[in-house]
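Working notes, structure below.
Heavy atoms only: backbone and side chains are in, while hydrogens, waters and symmetry mates are out. A, B, ... follow the sequence lines: proteins, then strands. Residue 1 opens every chain.
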Protein chains: 2
Amino acid sequence: MALEHAILVALSERAGTGYELARGFDRDGGDFWQATHQQIYRVLNRMADGGWVAAEHVAQTGRPDKKVYTVTGAGRVELARWLAEPAQPTHPRDDLAVKIRGASFGDPAAVLTEVERHLAHHAERLAGYEAVERREFADPTALTGHRLHQYLTLRGSITTERGLIGWYDEVRTALRRDSAT
Amino acid sequence: MALEHAILVALSERAGTGYELARGFDRDGGDFWQATHQQIYRVLNRMADGGWVAAEHVAQTGRPDKKVYTVTGAGRVELARWLAEPAQPTHPRDDLAVKIRGASFGDPAAVLTEVERHLAHHAERLAGYEAVERREFADPTALTGHRLHQYLTLRGSITTERGLIGWYDEVRTALRRDSAT
DNA sequence: TCTTCCATGTAAATGGTTACATGATTTG
DNA sequence: CAAATCATGTAACCATTTACATGGAAGA
């Protein structure tokens with residue numbers, strides 16, 4: 001699974017706490033993974049046991065103490081090994097697509113309402129990604145190495161959101177037309 | 001979770017065996033869900049216990065016997081209930097995106113090779129979907145109800161594939177340019 | 001002869017979600 | 001005064017994957 005490796009990438013970019021990782025893997029450009037804090041704490045402990053990451057305990061005043069995690073040499077070796085390994089293409093699983101497909105076995109108007117709600121949600125997410133793009137990556141042609149890879153991941157999020165928005169819009173138009181007859 | 005409900009949609013369209021469901025939820029238009037046969041058999045048993053589906057045992061000659069599943073009245077009620085319920089927007093988790101993001105912590109050339117492989121794979125999947133679109137849905141403006149919903153799901157698969165292909169192509173160009181310097 | 005297709009399943013392990021728990025500080 | 005933020009965790013449960021198992025028929 002890739003959660004360990006997504007954490008290794010995030011911590012390679014910048015050391016951080018489990019809490020920060022759970023808040024979103026957001027480091028300039030598309031939160032590229034997500035998981036609950038419970039799972040992240042568990043996985044971080046396992047990774048620390050395996051020697052991929054090391055925790056530095058930091059006492060704070062007025063706030064709970066925290067553990068700042070860093071990738072170790074063994075962690076860097078593991079990440080490089082995993083990066084060279086082939087990934088299998090994944091096929092998205094989308095609840096809303098199942099609902100659209102099955103709309104006529106229930107109330108198509110309720111499905112239409114859901115599509116509209118998701119459309120608004122994704123439009124907002126897209127706007128957020130585009131703002132990051134303008135702010136952080138003004139001149140993409142000049143990018144190289146790590147910054148380029150960050151930018152490309154952000155571009156992936158933007159492309160995905162635009163695709164979803166375009167599709168939901170098509171679905172909305174078609175369902176409205178159909179319910180009008 | 002939506003696997004039960006994806007199965008209810010698939011079996012509402014046409015009765016079938018666990019084996020057929022595992023082969024792909026493919027019923028004219030985008031395999032809209034996927035799961036291993038092990039999981040499907042388990043879930044089908046649970047659904048049969050809960051009374052959402054009923055199995056008819058069919059003996060065959062020269063082949064193993066099979067169980068053809070049909071949605072029951074209770075299953076139809078449950079599906080309609082679930083369809084009216086809001087879905088939470090899901091955020092895709094893509095291993096290859098993590099690899100692109102982390103490319104500089106390993107060998108970027110290996111990641112580029114993976115991107116090219118995935119590009120070819122998705123181009124092939126897209127061609128398959130487009131062939132179904134031409135063959136089955138020649139006149140989309142005339143579609144209504146269930147056929148329209150099937151078509152819209154297929155359109156979603158096509159949009160997703162085109163988005164991925166566009167993005168992978170952008171990544172390929174950028175990584176090639178960067179490695180040439 | 002080897003592989004693939006049909007068709008179903010069990011068992012073990014791993015991955016992920018939900019509920020519960022704590023406690024000070026800051027913001028509305 | 002209530003809610004959200006910071007920060008970590010345990011326990012129970014549910015979902016998913018991987019490995020193992022069977023066995024005849026058809027095709028390369």
Side-chain angles (χ1 to χ4, degrees), chain A residues 1-8 10-11 15-26 31 33-50 52-69 82 85 87-95 98, chain B residues 1-8 10-11 15-26 33-50 52-53 55-69 82 85 87-95 98:
Chain A
M1 255 301 91
L3 178 56
E4 273 92 339
H5 300 99
I7 288 176
L8 285 175
L11 294 179
T17 67
Y19 185 83
E20 286 168 338
L21 291 169
R23 282 285 92 184
F25 283 78
D26 194 11
D31 18 41
W33 204 264
Q34 57 164 25
T36 59
H37 75 269
Q38 292 91 336
Q39 200 193 345
I40 284 171
Y41 288 125
R42 186 136 39 106
V43 169
L44 277 173
N45 282 326
R46 192 165 67 212
M47 290 169 77
D49 288 347
W52 292 0
V53 295
E56 195 203 352
H57 196 265
V58 177
Q60 299 191 120
T61 52
R63 286 181 189 189
D65 296 355
K66 62 180 178 180
K67 293 185 193 168
V68 177
Y69 287 92
W82 177 78
E85 185 179 82
Q88 75 238 34
T90 53
H91 193 90
R93 296 172 177 183
D94 181 356
D95 280 31
V98 178
Chain B
M1 253 300 89
L3 177 56
E4 273 95 338
H5 300 99
I7 289 176
L8 285 176
L11 293 180
T17 67
Y19 185 83
E20 286 167 337
L21 291 169
R23 283 285 91 185
F25 282 78
D26 195 11
W33 203 264
Q34 57 164 21
T36 59
H37 75 269
Q38 292 90 336
Q39 201 193 345
I40 284 170
Y41 287 126
R42 188 128 44 101
V43 169
L44 277 174
N45 282 325
R46 193 166 65 210
M47 291 169 77
D49 288 347
W52 294 359
V53 294
E56 193 201 354
H57 196 267
V58 177
Q60 299 189 117
T61 51
R63 286 181 189 192
D65 295 355
K66 62 181 179 181
K67 292 184 193 168
V68 177
Y69 287 91
W82 177 79
E85 186 179 84
Q88 77 239 36
T90 52
H91 192 90
R93 296 172 177 181
D94 181 356
D95 279 32
V98 178

Practice problem: Check whether any side-chain N or O of B:Thr36 sits under 4.0 Å from OP1 or OP2 of D:dT18, and answer yes or no. | Solution: no
Exercise. Using atom NZ of A:Lys66 as one end and atom P of D:dT5 as the other, report the distance to the nearest whole Å.
Key: 17 Å
Quiz item: Which residues satisfy the salt bridge (Lys or Arg N to Asp or Glu O under 4.0 Å) test with A:Arg63, sequence neighbours excluded?
Solution: none
Self-check item: Value in whole Å for how far the P atom of D:dT10 lies from CD1 of A:Ile40
Solution: 15 Å
Self-check item: side-chain hydrogen bond (donor to acceptor under 3.5 Å, both in side chains) against B:Gln39, all qualifying residues, sequence neighbours excluded
Solution: none
Exercise. Nearest whole angstrom, please: distance from the P of D:dG9 to the CG of A:Asp49.
Key: 12 Å
Write down the protein N/O and nucleotide N/O pairs, taken from nucleotides 3-5 of chain C, whose separation is under 3.5 Å; answer none if there are no such pairs.
none

Quiz item: In whole angstroms, how far is the P atom of C:dG16 from the CG atom of B:Leu3?
Solution: 16 Å
Exercise. Enter the inter-axis angle for the ends of the helix from C:dT1-D:dA28 to C:dG28-D:dC1 (five pairs per end, rounded to 10°).
Key: 50°
Quiz item: Mind checking what makes side-chain contact (heavy atoms from CB on, under 4.5 Å) contact with A:Pro64, not counting sequence neighbours?
Solution: none
Quiz item: Which residues pass the ring pair (Phe, Tyr, Trp, His ring centres under 6.0 Å) test with A:His91, sequence neighbours left out?
Solution: none
Practice problem: Just call it for B:Asp65: base, sugar-phosphate, or nothing, with non-hydrogen atoms closer than 4.0 Å on any strand. | Solution: sugar-phosphate
Exercise. Treat primed atoms plus P, OP1 and OP2 as sugar-phosphate and everything else as base, then score nucleotides 20-28 of chain C 5' to 3': B for base contact with protein heavy atoms under 4.0 Å, S for sugar-phosphate contact only, - for none.
Key: B--B-S---
Quiz item: Is B:Leu3 close to A:Arg93 at the side-chain level, that is, under 4.5 Å between some pair of heavy atoms?
Solution: no
Self-check item: Euclidean distance, B:Thr17 OG1 relative to B:Leu44 CG, rounded to 0.5 Å
Solution: 9.0 Å
Quiz item: Of all the nucleotides listed (C:dT8, D:dG9, C:dG16), which has the minimum atom distance to the side chain of B:Arg93?
Solution: C:dG16
Self-check item: side-chain contact (heavy atoms from CB on, under 4.5 Å) against A:Arg46, all qualifying residues, sequence neighbours excluded
Solution: A:Glu4, A:Val43
Quiz item: Would you call A:Thr36 and A:Tyr41 a side-chain contact if the rule is heavy atoms closer than 4.5 Å?
Solution: no
Self-check item: N/O (side chain, A:Arg46) to phosphate O (OP1/OP2, C:dG15) under 4.0 Å
Solution: yes
Quiz item: Among the nucleotides C:dT8, D:dG9, D:dT16, which one has an atom lying closest to any side-chain atom of A:Lys67?
Solution: D:dG9
Quiz item: Can you find a pair of side-chain heavy atoms, one from A:His5 and one from B:Asp95, that are under 4.5 Å apart?
Solution: no
Self-check item: Spacing between B:Gln39 atom CD and C:dT10 atom P, to the nearest angstrom
Solution: 14 Å
Practice problem: Of all the heavy-atom pairs spanning A:Ile40 and A:Gly18, show the shortest one and how long it is. | Solution: CG2-O, 3.9 Å
Quiz item: Where the side chain of A:Tyr41 is concerned, which of D:dT18, C:dT17, D:dT8 is the nearest nucleotide?
Solution: D:dT8
Quiz item: Which residues pass the side-chain contact (heavy atoms from CB on, under 4.5 Å) test with B:Glu85, sequence neighbours left out?
Solution: A:Lys99, B:Arg81, B:Trp82
Quiz item: With sequence neighbours excluded, what pairs up with A:Ala55 under the side-chain contact (heavy atoms from CB on, under 4.5 Å) test?
Solution: A:Lys67, A:Tyr69
Quiz item: Is any side-chain N or O of B:Thr17 closer than 4.0 Å to OP1 or OP2 of C:dC6?
Solution: no
Quiz item: How close or far is atom C1' of D:dT8 from atom CD of A:Gln60, stated in whole angstroms?
Solution: 12 Å
Quiz item: For the pair made of CZ in B:Arg42 and P in D:dT18, what is the distance, rounded to whole Å?
Solution: 14 Å
Quiz prompt | Integer-rounded Å distance: C:dA7 C1' and B:Leu21 CG | solution = 13 Å
